[in-house]
Every structure is written in C-alpha cells, then in structure tokens.
Amino acid sequence: MKKLHFTIALLFMFSLAGFSQNGPVGHLTIFSEDGDKFKLILNGELQNDIPQTNLRIEDLSQPYYNAKIQFEDKTLQDISKNNLAITDVDGTYQDVTYKIKRDKNNKSKMKMNFFSMTSIVQGYKVPSNIYVMHYGQPRSNGGYTQTNTTTTTSANQGMNMGVNMGGINMNVNINEPVGTTVTHTTTTTTQSNGGEHYQEYDNSSPSNCVNKVAMNNRDFNSAIETLKKESFDETKLKTAKVIAASNCLTVNQITTICKELDFEGNRLTFAKYAFDYCVEPKNYFKMNSAFDYSASQDELNDYIQGKK
C-alpha cells in the first residue's frame with residue numbers, strides 16, 4: 001500500500017505542475033456556408049496549408065486576433081477582420097464560431113459573420129468533418145497517420161498508468177488488486193498536413209452523444225434565430241447540420257430544428273443526420289411529429305433500425 005500511496009502522490013504533483021503551466025485558452029471554428037475552400041491567417045501566421053471548408057483552431061491564448069481569409073477560388077475576394085474576439089464581454093475564453101457566405105448582390109464578394117459563442121467544454125468531441133489545427137504548433141509537410149487505440153481495464157488485474165504532462169511521459173505499474181472497472185473504448189485519430197480529424201466511438205452505444213449534456217437553452221435559442229434569418233431551405237439545412245455536428249441535442253431540439261425547414265425531404269435528411277448527435281436515441285420515435293407524411297415517418301424508422 002505504501003507503494004500505491006507514493007505513486008498517487010507523485011502523479012498528483014506532476015498534475016499540479018502541468019496545470020500551473022497552462023493558462024486559459026479559447027477555440028475558433030470557421031465554416032463556409034456555400035462550401036468555398038479557404039486558408040486562414042491569424043496574426044500574420046498561416047494556419048492551414050490545405051484549403052478547407054470547415055476549420056477549427058484550438059488553444060488560442062489571446063483575447064483578440066487579426067484574421068484574413070484567402071479562398072482557393074481566386075475569383076473570390078479575401079476577407080480581413082481585425083480584433084476577432086475569442087473571449088466574451090467578461091474576458092472569459094469561449095468556443096467561437098464564424099460563418100462565411102457569399103454576398104447575394106455580388107457573388108465574388110464574401111462575408112464572414114458571427115455565428116455562435118459557447119462556453120468551453122472539457123473533453124469536447126470534435127466532429128469528423130471539421131479540420132482541426134492547434135495554434136502555435138508547426139504544420140507538417142504532408143503525410144498521413146492513423147492511430148487506432150483500444151483500452152480495456154478488468155477487475156483485479158493490477159493497474160498500469162500512462163501519464164503525459166508537460167512533455168514528461170510516465171509509466172507506472174502497480175501490482176496490487178484494484179476496484180472492478182470494465183471499459184471498452186476505441187479511438188481513431190487521422191492526421192494530414194498538420195491538421196487532425198477526430199473520431200471517437202463508444203462501443204456500448206450507437207450514438208456519440210448518448211447520455212451527454214445537451215445544448216443549453218440560450219445557445220439553442222440563438223441557433224434557432226440564426227435559422228429563421230436564412231432565406232433558402234437548402235441553406236437552412238446546411239446550417240442545421242453544422243449546429244448538430246457541433247453540439248449534442250435532445251429529441252425536442254432536433255424536432256424544433258426540423259420544423260424550421262420548409263421541405264419534407266430536407267426535414268427527413270436532417271432527422272437522419274442528427275440521430276448520431278442525439279442524447280436520447282431511444283426516444284427518437286417522437287420525431288414522427290416533425291413530418292406531414294407517414295412515408296417520411298416510415299423511412300426514418302427504417303433508417304434507425306438499420307443503425308442498430
């Protein structure tokens with residue numbers, strides 16, 4: 001037991017040291033509503049070598065940045081935005097999202113508008129369709145890396161700890177019985193040109209958001225107001241998918257979003273898409289109220305059955 005107590009104390013000291021070195025940070029996501037690929041420059045530094053339509057920059061330690069957007073399509077005008085805020089009015093770092101769209105009167109003119117600002121969520125799972133960069137880290141010159149990790153912990157088998165804090169790697173073996181814990185997790189990380197696409201799956205459930213905290217009412221109401229401002233149903237559908245991909249949603253929230261879509265086909269498309277972001281997939285049958293035709297209800301039910 002003395003060995004176990006010493007090990008725990010040692011890990012605790014390393015965790016304090018690592019924590020003290022890390023200050024607060026914010027995150028920035030920029031997506032193109034019309035699918036135009038772009039490069040992002042923050043404070044004069046290029047963030048992504050390969051143009052993207054959906055880009056996320058993590059670990060931003062400054063409250064404001066000067067941003068410039070350069071499009072792959074050279075007929076589109078660059079966007080410059082000074083003092084792009086990563087904090088709220090109280091100076092608290094946030095997870096900020098901006099939307100790029102084409103000007104209705106001049107298709108070569110581009111606009112970047114504020115979309116949403118939410119509190120930082122620890123352990124947030126980045127959707128696989130978002131290209132992720134970590135600010136200040138060097139970009140690679142290319143290549144592709146994929147890592148598959150399976151972790152299993154069983155009862156009374158001893159314990160092995162791997163810790164990486166502040167660049168220090170530790171492996172600790174404890175040959176004393178521990179409590180009963182059984183977990184099965186598979187994580188896949190795909191890396192290309194310095195960016196990362198994250199996918200995390202829990203083998204025990206069909207959805208990434210099962211039993212997680214859903215989008216809070218304030219942020220959800222703000223998202224609905226954004227949907228209401230869109231003039232075209234296809235644009236509403238694209239925006240609705242971004243909302244779902246960036247959050248976990250209840251059945252009622254998904255239903256509310258569906259009802260903002262004018263066309264039955266788009267409602268069905270979104271209902272299928274949002275299933276993986278629902279915190280309560282067992283109650284997805286309540287989604288039937290979002291449709292006018294029984295054929296749509298039947299198609300959604302068949303889709304759900306096929307996911308099981």
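Atom NZ of K272 has more than 12 neighbouring heavy atoms from other residues, nucleotides or ligands inside a 6.0 Å radius. Counted within 6.0 Å of CZ on F285, heavy atoms from surrounding residues, nucleotides or ligands total more than 12; the atom is thus considered enclosed. The 12-atom threshold is exceeded at NZ of K39, counting heavy atoms of other residues, nucleotides or ligands nearer than 6.0 Å.
In this structure a side-chain-to-backbone donor-acceptor pair under 3.5 Å is missing from D219 to M215. A donor-acceptor pair under 3.5 Å links the side-chain atoms of D34 to the main chain of R102, judged by distance alone.
No salt bridge links E234 with K236; every basic N to acidic carboxylate O contact stays at or beyond 4.0 Å. Salt-bridge annotation for E33 and K99: present, with a side-chain N of the basic residue lying under 4.0 Å from a carboxylate O of the acidic one. Residues D276 and K307 are paired through a salt bridge, judged by an N-O separation under 4.0 Å between the basic side chain and the carboxylate. Ion pairing between K238 and E230 fails under the 4.0 Å rule for side-chain N and carboxylate O.
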Please test Y98 against F31 for ring pair (Phe, Tyr, Trp, His ring centres under 6.0 Å), starting from the C-alpha separation and ending with a verdict. CA-CA 7 Å; Y98 278 81; F31 71 93; over 10 Å; no
One pair to check against side-chain hydrogen bond (donor to acceptor under 3.5 Å, both in side chains): N266 and D233. What are the steps and the verdict? CA-CA 8 Å; N266 286 343; D233 210 50; 2.7 Å; yes
I would like to know whether D36 and K101 meet salt bridge (charged side-chain N to carboxylate O under 4.0 Å, His left out); could you show each step before the answer? CA-CA 9 Å; D36 296 304; K101 63 185 301 183; over 6 Å; no
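A donor-acceptor pair shorter than 3.5 Å cannot be found between the side chains of D95 and H27. Between the side chains of T75 and D73, at least one donor N or O sits under 3.5 Å from an acceptor N or O. There is a side-chain donor-acceptor pair under 3.5 Å between E280 and N283. In this model, no donor atom of one side chain and acceptor atom of the other lie less than 3.5 Å apart for T92 and D90.
Residues F270 and F275 place their aromatic rings such that the two centres sit no closer than 6.0 Å.
SG distance check for C248 and C278: not under 2.5 Å.
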